[in-house]
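Below is one structure, written out as structure tokens, with a few remarks after it.
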Amino acid sequence: MDTPHTGDDTAFQSVAIIGMAGRFPGADDVEAFWQNIADGVESICHYSNEELLGLGVPPEQLAASNYVKAGARMHDAEGFDPEFFDMTPREAEITDPQHRVLLECAYHALENAGYIPNSVPGEVSLYAGVGMNTYLLTNLMPRTDILRTLGMHQLLLGNDKCYATSRIAYKLNLRGACVSVDTACSSGLVALTLAYRSLVSLECDMALAGGAKVNSADAGYPYEPGSINSPDGHCRTFDAQARGTVFGSGGGMLVLKRLDDALRDRDTVHAVIRGAAINNDGSAKVGFTAPSVTRQRDVIRQALAYAEIDPASIGYVEAHGTGTQLGDPVELAALAEAFGPNLPAGSCAIGSVKPNIGHLESAAGVAGVIKVVQAMRHRKLPPSINFEQANPALELQRSPFHVNTRLTGWDTGSAPRRACVSSFGMGGTNAHVVLEEAPAMPAGEATTSVLLPLSALRPDDLAQVATRLRDRLLAPDAPALTDAAFTLSCGRQGFPHRAFVVAGDHPAAAAALVQLTPGQAGTPATALLLPGQGVQYPGMAAMPYAQYPVYRDALEACLDVLAHRLDVDLRGLLLASGTADDAALLAQTRYAQPAIFATAYAASRLWMSWGGEPSLLIGHSLGEYVAACLAGVFSLEDALSLVCARAALMQSMPEGAMASLRLSEAEVCTMLAQRPELACSIAAVNGPVATVVSGSQADVAACADSARAVGADATLLRTSHAFHSALMDPMLDAFRAAMSGVVLSAPRIPLTSSLTGALLRSDEATDPDYWVRQLRGCVRFVDAIATAAAQGVTMMIDVGPNATAAGMARASAAASVTVLAAATSEAHLPRAHETLLGALGQAWSRGMPVAWEAVHRHRAARRVPLPGYPFARRRCWIDPPAVAAAQPSTPLQAADVVAVVKVAAQAAPDEAATGIEATIASIWTELLGITPASANDSFFALGGQSLLATRLLARIEERCGVALPMQTVFDNPTLAGLALAVLQHRAQQEDPELLEALLAQIEQDAHQTA
């Protein structure tokens, strides 16, 4: 089988690697890691005495002749972002840095896979391991003050190996199997194998596998002859001068999925796991720590057999390769036996990552896999550094292997690239994995415009998110914008600080990312604005019809009904820009109103499918029919039948005119009273100074002249009839007859009445005569906007084909209300998609929940790797003590009793705490790492929990001499409340009468002050 697996075979189960993340010596992410590998960089540091003294190495240790001044440090191992992971600073400080690195890598790996941590669908399992916790041994345990304050149980929760994975599962809401793996140096690759098997056996839908190792002091080491450590701080795997390894710090995480599922879900597949195996040496070796040729050979054979591939197809082996005189020859002998005697000498490249970054122990296997995956992605054989001449004991010339010492092309012709990774744990647990390059993925879909949403927990983080994304989009291998948009919207967590970009190509997107207008998401109550007649133009449905199936289906549903009620097919008028004759035809009321209804209805359905479920619907005249249909008052067929009847009857009425006057309703009423000869009606009150009059052409023209005479603007509207005026009276009985037989139901969604501007009552909605009066009466849009404000609406979205309704709403709505237009005008039709996406981006930025999967459902977009979240790391590190000393207790002062009780009684939030309050505040600081800002701060709001509450009570008893019951903390969680509880219990014990007298005096003082 020398063809890559494409998801069609059932002879074996292949698992895809769809996400990866890592932090390694000299590299903060997997891309920088690969660049270092490709460039042959040795990331093992060699320190000066000054640097080592600064790292805390004692001078006498530095003076020792066997002290090797080298280490493979991971950048900022002391740093962590506790706020991001909802941890208190103190909790972060007492948590094993290995746990923290693993948690960060898990989050970034899921992001790299294009999935939202905390909400990955299906069962997600986790297998990972960490090394010996040197931080607990050297930094925490000697700190008796920390131990005494927090207790051993709290330290164990943050440092025991068994909680490394369960903490991640808790923080990221992973609900599959959660297993901490501990097989020493092979933990990472064993974890990967277990994750692979869990997917193959259908135990989960996705799995994470990884490992981490952080040495609390990667600052050199004393060399002992015969040990595994290198005598000079260099690892020379397979070289004749190899004498040992250098231990380092780092971590990595991989995200796995069954290949068929990954291809179906359009994930980016980085590589494919074809087979994996685990075994143990047992006792058939010279000692517990010694390796076994036969058992290493067996595990390699098992993995190859499971993968069902010929060893001859393997082009590269990432060896365990510790660079020891015993380990390297054993590993080569095992590989040679497993691959068999028939392969050409030197036909397969071999190498090890340890000369680059040192031995990462529990993370070593994961580092090796990430190296190989990157090599396959870049189609390059990675160089092995620190190799000059082969160790004779390897008998390399008689094996099928050669040590690759420079970056070379990895050409396999039409066959897939394949590689193996080995990891052998001290003590005998061996693991081997067979990898294959990813199948070819389809190119990204081209599009005219995309919406790129960005969010962050903090404003500064948002700027970094934008900068990192910009750099990625300008890279030579930048993903297609459609894929980037899909990943950012469907594969990133939505944080409160938000911004967005709408662009049609990479340069435009990159330019926009440096000119963001950030906002902060709230919890908006949304109203949809549904326009009346006058907004129509040919081609107004073309863009959404072409781009979005939900809109297309809704519009087609309307057109199917209208086909039996109109003598013109509206499809051509709505989907093509048309001619002047088309515009004239669409201007006729009998066609305009059904067309506007259909497009507004389809647009509403589109927004509602995106998550824009309205809390209120506001329809302007005709728009109220759309609102009523959406709210369930009419069926779609009945609504369209009524609209057609209404429009035809209006068309049959005498011609008239309408004008919008920049005057208030009261001013127009006065003007009409002064001109009784003008038979004009007030047709609509659209704003505080936006009143529409309707009547005969001559009378409306005279009204407009009167308005201009007093300095007010007057605009004649493009309409052939005098809607909402006495000229409509002759059609009322006919429309009343059209209403007969129509089933009317109470609205399921609140909507406003055009006739009153108030909420449409159920008795009105179900009264046929209401709809007759609605046709004739004044449209009170300005009152509808006021009703929306009273209903708590904070965002309005005009779903019409232009921004007319949005413009009217802005004139009446408060400045705090966001009014968005989903379209502009006929003149800007080429930018219609950008306008729609911009409105969606603004709505999301302000907090509207968006169903991003629905937004992208019509596109064949893929999840692609994009930069991960920029954690704002701060130093969360407890230094080992020079002298461990307990902190002295603060004695209780009698004068403090009155001060603290008064603080509690008066609830003064900013009054400085003294005495007993200060004592409790200092305990909070010890437990949480946060200093309370006021007497009203809550222990639980600052990050406390029930386990810490027990420590809090123990410390209060120790320092204040009062034993409080647990319920006290829940009843009195504030600083002042706890202080009062302490004093009440103490006074009750010592002098109950004094306490009662004191409280009575405070109450009396409060009354006198009032």
Side-chain angles (χ1 to χ4, degrees), residues 22-59 61-80 97-98 100-101 131-132 134-135 138-139 185 211-224 227-237 239 241-252 321-324 352-364 366-368 370-371 382-387 873 875 877 879-880:
R23 294 175 61 191
F24 305 105
D28 288 338
D29 56 53
V30 296
E31 298 305 326
F33 174 58
W34 167 250
Q35 194 60 56
N36 285 347
I37 295 295
D39 293 343
V41 174
E42 182 181 39
S43 297
I44 296 172
C45 298
H46 292 264
Y47 303 108
S48 67
N49 287 345
E50 290 73 19
E51 288 174 317
L52 291 172
L53 288 170
L55 291 171
V57 179
Q61 196 168 13
L62 284 180
S65 59
N66 69 332
Y67 194 78
V68 180
K69 302 172 184 177
R73 289 178 63 83
M74 180 185 70
H75 174 67
D76 199 16
E78 301 89 351
F80 187 65
Q98 300 177 119
R100 302 183 331 206
V101 169
M132 177 180 286
T134 58
Y135 183 70
T138 63
N139 292 50
C185 313
K213 173 60 182 176
V214 176
N215 295 306
S216 59
D218 282 312
Y221 54 90
Y223 171 70
E224 298 177 2
S227 71
I228 193 174
N229 296 101
S230 167
D232 62 358
H234 295 282
C235 180
R236 298 179 174 85
T237 301
D239 190 78
Q241 300 302 314
R243 295 294 184 272
T245 194
V246 178
F247 289 96
S249 295
T322 55
T324 60
S352 172
V353 75
K354 291 178 178 62
N356 300 91
I357 62 171
H359 192 343
L360 303 190
E361 301 181 64
S362 299
V366 177
I370 292 174
K371 171 187 171 181
S384 284
I385 64 172
N386 298 341
F387 180 87
R873 296 190 183 104
R875 193 173 192 271
W877 196 264
D879 293 312

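The chain is numbered in sequence order, starting from 1. Because only heavy atoms are used, hydrogens play no part in the values below, and waters and symmetry mates are left out as well, while side chains stay in. Since this is a predicted model, take the numbers as computed values, not measurements.
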Looking only at heavy atoms, which two atoms of M74 and V101 are closest? And how far apart? CE-CG2, 3.5 Å
With sequence neighbours excluded, tell me which residues meet salt bridge (charged side-chain N to carboxylate O under 4.0 Å, His left out) with E51. none
Side chain to side chain, D239 and H234, heavy atoms closer than 4.5 Å: no
Residues that H359 engages under ring-ring contact (aromatic ring centres under 6.0 Å, His included), provided they are two or more places apart: F247, H320
Check side-chain hydrogen bond (donor to acceptor under 3.5 Å, both in side chains) between T322 and all other residues, then give those that pass, not counting sequence neighbours. T324
Who are the salt bridge (charged side-chain N to carboxylate O under 4.0 Å, His left out) partners of D28, not counting sequence neighbours? none
Any L53 side-chain heavy atom under 4.5 Å of P59 side chain: yes
What pair of heavy atoms forms the shortest contact from C235 to P355, and how long is it? O-CB, 3.2 Å
Output every pair passing side chain to side chain donor-acceptor pair (under 3.5 Å) with a member in residues 241-250, not counting sequence neighbours, ordered by first then second residue. D218-S249
Side-chain donor-acceptor distances from residues 61-70 under 3.5 Å, at least two apart:
unit_1: N66; atom_1: ND2; unit_2: Y223; atom_2: O; d: 3.1
unit_1: Y67; atom_1: OH; unit_2: A219; atom_2: O; d: 2.4
unit_1: K69; atom_1: NZ; unit_2: N49; atom_2: OD1; d: 2.6

Looking at every non-hydrogen atom in both residues, tell me the closest pair between A363 and G250 and how far apart they are. CB-O, 3.7 Å
S43: partners by side-chain hydrogen bond (donor to acceptor under 3.5 Å, both in side chains), with sequence neighbours left out: none
Under the ring-ring contact (aromatic ring centres under 6.0 Å, His included) test, residues paired with H75 that sit two or more places apart: none
Would you check if the side chain of Y221 reaches a backbone N or O of S230 as a donor-acceptor pair within less than 3.5 Å? yes
Applying side-chain hydrogen bond (donor to acceptor under 3.5 Å, both in side chains), can you list everything that pairs with R236, at least two apart in sequence or on another chain? D232
Those residues at least two apart in sequence (or on a different chain) that pass salt bridge (charged side-chain N to carboxylate O under 4.0 Å, His left out) with E42 are none
I'd like to check the side-chain hydrogen bond (donor to acceptor under 3.5 Å, both in side chains) partners of S352; sequence neighbours left out, ordered by chain and number. none
Do F33 and I357 come close enough that some side-chain heavy atom pair is under 4.5 Å? yes
If you look at every heavy atom in P382 and I37, which pair is closest and at what distance? CB-CG2, 3.8 Å
Looking at residues at least two apart in the chain, or sitting in another chain, which of them share a side-chain contact (heavy atoms from CB on, under 4.5 Å) with R875? E78, W877, D879
In Å and rounded to the nearest 0.5 Å, what is the CD1 to OG1 distance from I385 to T237? 9.0 Å
To check you understand the geometry: which heavy-atom pair defines the closest contact between M132 and Q98, and what is its length? O-NE2, 3.7 Å
Test item: N36 and N356 side chains (from C-beta on) under 4.5 Å apart, heavy atoms: no
Could you report the tightest heavy-atom contact between T138 and S216, atom names first, then the distance? OG1-OG, 2.9 Å
Measure the shortest side-chain to side-chain distance between K371 and F24 over non-hydrogen atoms and say whether it is less than 4.5 angstrom. no
